[in-house]
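Below: one structure, written as structure tokens.
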Amino acid sequence: MAEETTFTLAESLAAQKALRDAAGAEEELFNLAEVVGMASEEIEMLQEQGKSNAEIAAMMQTATGKAITAEDIEAFYLSPEEREHWGDDDDA
């Protein structure tokens, strides 16, 4: 069996950005609920390591420079079951 090519998150994002730039597409923007939803697997891992939602929000705020609170994490975190179906109702 041929070895499967894999990509890091940074490589995947770089490829997507390059394609968007080449296509002349505007930069993609995400609201707070979408960002927390996309990071929910990582949030879950940190919670399992004993990190509080306040600590996780502080990490996200440091990384983005945008205001994120523990209440935002609580409100927009997606459970594994919710992540399984996230985007199912999007129009194709």
Side-chain angles (χ1 to χ4, degrees):
M1 178 179 239
E3 187 175 325
E4 186 176 326
T5 302
T6 59
F7 298 86
T8 65
L9 176 60
E11 291 167 335
S12 299
L13 293 173
Q16 182 181 21
K17 182 176 182 341
L19 295 174
R20 290 186 68 79
D21 289 349
E26 291 183 17
E27 186 168 10
E28 206 168 359
L29 298 175
F30 301 96
N31 65 38
L32 181 57
E34 292 170 323
V35 171
V36 173
M38 288 187 280
S40 287
E41 184 175 350
E42 293 77 11
I43 291 168
E44 182 178 1
M45 287 188 277
L46 290 166
Q47 289 170 335
E48 288 173 356
Q49 293 173 15
K51 301 289 186 208
S52 69
N53 285 346
E55 291 171 305
I56 295 166
M59 288 179 217
M60 294 180 74
Q61 186 165 327
T62 298
T64 65
K66 308 236 176 162
I68 301 172
T69 67
E71 290 76 19
D72 296 329
I73 302 298
E74 180 70 28
F76 302 125
Y77 166 81
L78 298 175
S79 69
E81 296 77 22
E82 291 170 314
R83 290 194 301 268
E84 249 180 63
H85 302 289
W86 194 34
D88 283 356
D89 58 358
D90 287 350
D91 295 326

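All figures in this text were calculated on a predicted structure; none of them were measured in a lab.
Tested against I56 for a side-chain contact (heavy atoms from CB on, under 4.5 Å), the candidates V36, I68, L46, D72 yield a single pass: L46.
Closest non-hydrogen pair, R20 versus E26, comes out as NH2-O, 2.6 Å. Minimum heavy-atom separation, E44 to R83: OE1-NH2, 2.6 Å. In this structure, A57 and A70 approach most closely via the heavy-atom pair CB-N, 3.7 Å. In terms of heavy-atom proximity, G50 sits nearest to E55 at O-OE1, 4.1 Å. Closest non-hydrogen pair, E82 versus Y77, comes out as OE1-O, 3.8 Å. Of all non-hydrogen atoms in G37 and L78, the two that sit nearest each other are CA-CD1, 3.7 Å.
Hydrophobic clustering, with ILVMFWY side chains joined whenever heavy atoms are under 4.5 angstrom apart, groups F30 together with M59.
In the displayed structure, E42 atom CD is contacted under 6.0 Å by more than 12 heavy atoms of other residues, nucleotides or ligands. For E27, the CD atom counts as loosely surrounded, since its 6.0 Å shell holds 12 or fewer non-hydrogen atoms of other residues, nucleotides or ligands.
Note that the CD1 atom of I43 and the NZ atom of K51 stand 14.0 Å from one another [nearest 0.5 Å]. Here CE of M45 is found 10.5 Å from OG of S40. Values are rounded to the nearest 0.5 Å. Note: T69 OG1 to L32 CG = 7.5 Å, rounded to the nearest 0.5 Å. The structure places CG of N31 at 7.5 Å from CZ of F76, a figure rounded to the nearest 0.5 Å.
No side-chain N or O of N53 forms a donor-acceptor pair with one of E71 less than 3.5 Å apart.
The closest side-chain heavy-atom distance from M60 to V35 is below 4.5 Å.
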